[in-house]
Every structure is written in structure tokens, then in C-alpha cells.
Number of protein chains: 2
Amino acid sequence: MDTALKAIADPKRREILRLVWSSEMPATDIASHFHDVTRSAISQHLGVLRHANLICERRAGNRRLYRANVEEMARLRTFLDQYWSGGLDRLKTAAEAAQQKKENRHG
Amino acid sequence: MDTALKAIADPKRREILRLVWSSEMPATDIASHFHDVTRSAISQHLGVLRHANLICERRAGNRRLYRANVEEMARLRTFLDQYWSGGLDRLKTAAEAAQQKKENRHG
DNA sequence: TTCTTACGTAAGCATTCGCTTACACTATAG
DNA sequence: CTATAGTGTAAGCGAATGCTTACGTAAGAA
């Protein structure tokens, strides 16, 4: 999960994910969207995303078609949502513990 | 925004944020929660979080009390939510464009 | 004042990152 | 077969990261 989080922390990789979110795209097309870096750099970014399981690869003849792994991204989103709500959960747990204590005192 | 994302990509920093989420805590107490690294390392993590505007610092006598900057975290969350829904937006836009085209053909 | 506590920070080091160039490989075209 | 897209990968490099030790400094304690 940490790998995925670190992967999306990079703006280029987020942009790549955007490109292959709703449709698959060959590596060259992906690379040609970035005019400030080499195709090799993008290929390495694709490697990072693949290693984080955030994209899937399909080979078609000469090409490699990429698409976002939406399930993994959903998992990542859920992880973060749980993290955001963690503070509230913590408050809730503390409140319940206090309540329990109170009841024990009174029982 | 990128700074904040990279900041929370680190598990120790996420744990620190958890600690100061619902109540402020002095730096020493924060550091004492981590038994595998030095106080200095935690201090530097606090610096990263501060630089990302994810925590607020308040000085009280000798101590520095930290608490999570929930507004900034909310902003980060919103940013990510928009990112997650970006794929859907893209589909929607594409669908609308197709519809527009269709209407033009028929008009 | 002198000690002690609670911190930030500089220096140094090993690791990782993002990038480039150069090369290797595969599949199709000729 | 040779040539040419399409693509990953190794090597190398400068910058950033995460860590440690050592030091600096401000605020109370004695």
C-alpha cells in the first residue's frame, strides 16, 4: 500500500494514470504526452506504476497496452478514506472507553 | 499539494499525524512513540510535515506543541477525491462531446 | 549564574529517485 | 533475410531522502 501511495505522490505518474484510466493506451502514446522528458523516463514511471500494481499491461503484437488497475486504485482510496476517518474513530474509541470506565465505576 | 502528498506517503509521518490529529502533543512525546529511530529523525519528520503545512506548531514555555492542520488535510483529501473522480469526469465529458456531435449532425 | 530539559539543525552517509544516453530485444514490414 | 517501429533495461549521475551523531539554543530549575 505504501508503494502505491508513493507512486501516486509523483505528478507525472498521476498524469499517466489519468491517461490510461478509462481506456488502454500504448506506451509510445503515453510517452508522447510528455514533452519535457524522454520516453525512457516514462517507461521507468510505467515500471513504478506496474510494481505498485496500479496499472495492467497487455501485449498486442509489437505494442504494450496499459490501463489503470481500478481495483487497486479503489483499494488505495479506501485505505486513505480509513486514514482520514481514523481521527474520528480514535475519538469514538476514546469516548467509548470513557463510557465503559464510567459504567464500571457505577456498577 | 504535491508536497503534502509526498509527506503523507511516508508511514512514520502518517503515524505522527495520527498522534496529533485530535489533540496537540509535545515533540518529545511524539518522538517517544517511535522506538526504532532517534528523536532527531522525528524532529526532521515534523519539519517535513510543517513545511507541507500539515501540522501547526504552538510554543508553550519550553515545549512545542503540535497538532494536525485539519483544514490542509481536508484540502488534500478533496484534491484526491477529485483525482479519483477524474476518470468518471473524463468519461462524462467524452459522452457529452459525443452527444453534442450527434446533435450537430442531426441539426 | 549554572544545570537541565526540550527542542531544532548542521554535517555526514548510505540509499533511493528521476533523469539521460546507450543498448537489447521483439514483432511486423519490406 | 534485413530494416524499422515499439519498448524495456543497464549504467551513470546529480539531487533528494531518511537516518545518525554532534552541536546550538531557548526556557525553566536550583
Side-chain angles (χ1 to χ4, degrees), chain A residues 1-21 23-69 76 83, chain B residues 1-21 23-69 76 83:
Chain A
M1 188 59 64
D2 223 51
T3 311
L5 205 40
K6 279 188 173 141
I8 67 154
D10 184 276
K12 281 207 181 61
R13 287 196 286 264
R14 282 200 305 276
E15 183 59 23
I16 290 177
L17 279 178
R18 272 235 161 88
L19 289 174
V20 299
W21 190 295
S23 65
E24 52 185 12
M25 186 179 286
T28 301
D29 289 16
I30 296 174
S32 68
H33 271 79
F34 299 89
H35 304 287
D36 53 340
V37 290
T38 322
R39 179 195 61 77
S40 178
I42 299 302
S43 181
Q44 288 171 63
H45 278 307
L46 286 171
V48 172
L49 289 170
R50 199 186 318 123
H51 183 250
N53 197 28
L54 286 171
I55 53 173
C56 305
E57 180 190 314
R58 181 172 73 91
R59 304 199 180 191
N62 216 4
R63 304 215 173 84
R64 303 201 186 185
L65 303 170
Y66 291 98
R67 68 174 172 80
N69 183 352
L76 180 54
Y83 180 70
Chain B
M1 190 57 67
D2 224 52
T3 311
L5 244 178
K6 280 187 172 142
I8 67 154
D10 184 276
K12 280 207 181 61
R13 287 196 286 264
R14 281 201 304 277
E15 182 61 24
I16 290 177
L17 278 178
R18 273 234 160 90
L19 289 175
V20 299
W21 190 296
S23 65
E24 52 185 13
M25 186 179 285
T28 301
D29 289 17
I30 297 174
S32 68
H33 271 80
F34 299 89
H35 303 288
D36 53 341
V37 290
T38 322
R39 180 195 60 79
S40 177
I42 298 303
S43 181
Q44 288 170 64
H45 278 306
L46 285 171
V48 172
L49 290 171
R50 199 187 317 125
H51 183 251
N53 197 27
L54 286 170
I55 53 173
C56 305
E57 180 189 314
R58 182 173 73 90
R59 306 199 179 190
N62 215 4
R63 302 211 171 84
R64 304 202 186 185
L65 302 170
Y66 290 99
R67 68 175 173 80
N69 183 352
L76 179 54
Y83 180 70

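Heavy-atom basis, side chains included; hydrogens, waters and symmetry copies ignored.
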Can we say B:Arg63 and B:Asp29 salt-bridge, meaning some charged N sits less than 4.0 Å from an Asp/Glu carboxylate O? no
Please state how far atom OH in B:Tyr66 lies from atom P in C:dG8, giving the value in whole angstrom units. 4 Å
Counting the atoms with a prime plus P, OP1 and OP2 as sugar-phosphate, which does B:Asp36 contact under 4.0 Å by heavy atoms, base, sugar-phosphate, or nothing? sugar-phosphate
CD1 of B:Ile42 versus C1' of D:dG18: gap in Å, rounded? 11 Å
Touch check for A:Ala41, heavy atoms < 4.0 angstrom, all strands: base, sugar-phosphate only, or nothing? base
Residue whose nearest DNA chain C nucleotide is more 5′ - A:Lys6 or A:Thr38: A:Lys6
Taken to the nearest whole Å, CD1/A:Ile8 to C1'/C:dG18 is 18 Å
B:Leu49 CG to C:dG8 P, straight-line distance once rounded to whole Å: 12 Å
Going by modelled atom types, is there a donor-acceptor pair between the base of C:dC17 and the side chain of A:Gln44 at under 3.5 Å? no
Would you name the heavy atoms of B:Leu19 and B:Met25 that are closest together and state the gap between them? O-CE, 3.9 Å
Please tell me if B:His45 has a side-chain N or O lying less than 4.0 Å from either OP1 or OP2 of D:dC19. yes
Please evaluate the base of C:dT5 for a donor-acceptor partner in the side chain of B:Asn62 within a cut-off of under 3.5 Å? yes
Can you tell me if A:Arg13 touches the phosphate of C:dG18, counting only side-chain N or O atoms and a distance under 4.0 Å to OP1 or OP2? yes
B:Leu46 CG to C:dC7 P: how many Å, rounded? 10 Å
What I'd like to find out is whether the side chain of A:Phe34 reaches to under 4.5 Å of the side chain of A:His45, using heavy atoms alone. no
Provide, to the nearest angstrom, the distance between the NZ atom belonging to B:Lys12 and the P atom belonging to D:dT20. 8 Å
Would you please name every residue forming a side chain to side chain contact (heavy atoms under 4.5 Å, CB included) with B:Arg67, sequence neighbours left out? B:Glu24, B:Cys56
N/O donor-acceptor pair, side chain B:Ser40 with base D:dT21, under 3.5 angstrom: yes
Without swapping roles, check the side chain of A:Arg13 against the backbone of A:Ile8 for a donor-acceptor pair under 3.5 Å. no
Taking atom P of C:dT28 as reference, at what distance in whole Å does atom CZ of A:Arg64 sit? 13 Å
According to a strict under-4.0 Å criterion, is B:Arg59 in side-chain N/O contact with OP1 or OP2 of C:dC7? no
Please state whether the base of D:dG8 and the side chain of A:Arg39 form at least one donor-acceptor pair under 3.5 Å? yes
Gap between atoms CE and P, on B:Met25 and C:dA6 respectively (whole Å): 15 Å
